[in-house]
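Here's the structure we're looking at; comments come further down.
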Amino acid sequence: MSELVITGLHARVAEREILKGIDLTVRSGEVHAVMGPNGAGKSTLSGVVMGKPGYEVTAGTVTLDGVDVLAMEPWERASIGLHLVMQYPTEVPGVMLNDVLAEALTARGRSIDGLTSQLRTEAATIGFEERFLERPLNVDLSGGEKKRNETLQLAILAPRIAILDELDSGLDIDALRDCARRVEAMSNEPQAAGEPLGVLAITHYSRLLHELRPDHVHILADGRIVTSGGFELAEQLEADGYAAFGSAESEQSADRPVERPGSLDDLFSL
Ligand code: ADP
Ligand code: MG
């Protein structure tokens, strides 16, 4: 069984403290939802765990099965089984999906035999059109297609622990259901390493969690987990908004554009 353990994590961005002491443990087969208003530090948390440049960890530890993750390069973190599905998937002109996956699997010491047929099967499961498999990564795909594509990559790579940063942003209801169901299934079935996927699902809205059923729900506000519980927390949030949890921002006022172009730097997760 794998275990991602985050303890006392403090981090700064541009000289400002954003994470103010995060404690969180995600084990194989568990689905943890981290919910919070915009600006709470959700993407910062995912970036710090994956090693995205620009964050300064000032205190705390992150380990995967006892191994110090913070000392590793982003690609090393990916190779030991941490995977991030980004809030805004990157378009990478000139780079083909199957090449990226073949590289990533090889780097993990895994076989690429049957990759093409596996891709077809996964595409069908997730509702990702097969013709997009022959396209450069995410180029000219809609928001929903990009997230289906990211989910397909997740399913093929089958990491130990997946961090989903607002998988639901930019998704229509059908894509949301297909992606969430696929991740839910991964959390219930043994993956490449012989254990079910552990999931840290970061989300603003509870709608994702109707298909991807969390075992634990945590509310993140102003860089701290202010409360943790079960699915009932997400339901309470749906009814009352974040204000009930001490955040000034209501769920309604928290909308913001769901798409923006990524940069090559964002490829760190591969
Ligand atoms: P969330 O994902 O919960 O909406 P973020 O983690 O993206 O929140 O951001 C938390 C805070 O950190 C916000 O106030 C945001 O403006 C700030 N922040 C994030 N990234 C940067 C950056 N690169 N430079 C300056 N401030 C940043
Ligand atoms: Mg975010």
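Note that ligands are numbered from 1 as they come in the structure, with each ligand's atoms numbered from 1 the same way. Starting from 1, each residue takes its place in the sequence as its number.
Any N or O atom pair closer than 3.5 Å counts here, and E166 shares no such pair with ligand 1. Checked by distance only, ligand 1 and Y55 stay at 3.5 Å or farther apart across all their nitrogen or oxygen atoms.
With respect to the salt-bridge test (charged N to carboxylate O, under 4.0 angstrom), the residues E184 and R181 do not qualify. Look at R177 and E211 and you find no salt bridge, because none of the NZ, NE, NH1 or NH2 atoms lies under 4.0 Å from a carboxylate O. For the pair D140 and R135, the salt-bridge criterion is not met [side-chain N within less than 4.0 Å of a carboxylate O]. In this structure, E166 pairs ionically with K42, as a charged nitrogen and a carboxylate oxygen lie closer than 4.0 Å.
Residues passing the side chain to side chain donor-acceptor pair (under 3.5 Å) test with R160, sequence neighbours excluded: S2, E195. A search for ring pair (Phe, Tyr, Trp, His ring centres under 6.0 Å) contacts involving H32 returns H216, H218, not counting sequence neighbours.
In the vicinity of R16, heavy-atom distances shorter than 4.0 Å reach the ligand 1 atoms 14 (O). The contact set between ligand 1 and T44, taken as ligand atoms under 4.0 Å from a residue heavy atom, comprises 5 (P), 6 (O), 9 (O), 10 (C). The P37 neighbourhood of ligand 1 comprises atoms 3 (O), with distances under 4.0 Å to a heavy atom of that residue.
Using a 4.0 angstrom heavy-atom cutoff, G54 does not count as in contact with ligand 1.
A donor-acceptor pair shorter than 3.5 Å cannot be found between the side chains of T7 and D23.
Counting heavy atoms only, I18 comes closest to atom 17 (C) of ligand 1 of the residues D222, I18, L220. Counting heavy atoms only, S43 comes closest to atom 2 (O) of ligand 1 of the residues G41, A14, S43. Considering only non-hydrogen atoms, atom 18 (N) of ligand 1 lies nearest to V13 out of L45, V13, N38.
Around the Mg ion (ligand 2), the two atoms OG of S43 and OE1 of Q87 are separated by an angle of 80°, to 10 degrees.
Atom CG of residue L84 and atom CG of residue D165 lie 6.5 Å apart, to the nearest 0.5 angstrom.
Counting heavy atoms under 4.0 Å from ligand 1, residue Q87 does not touch it at all.
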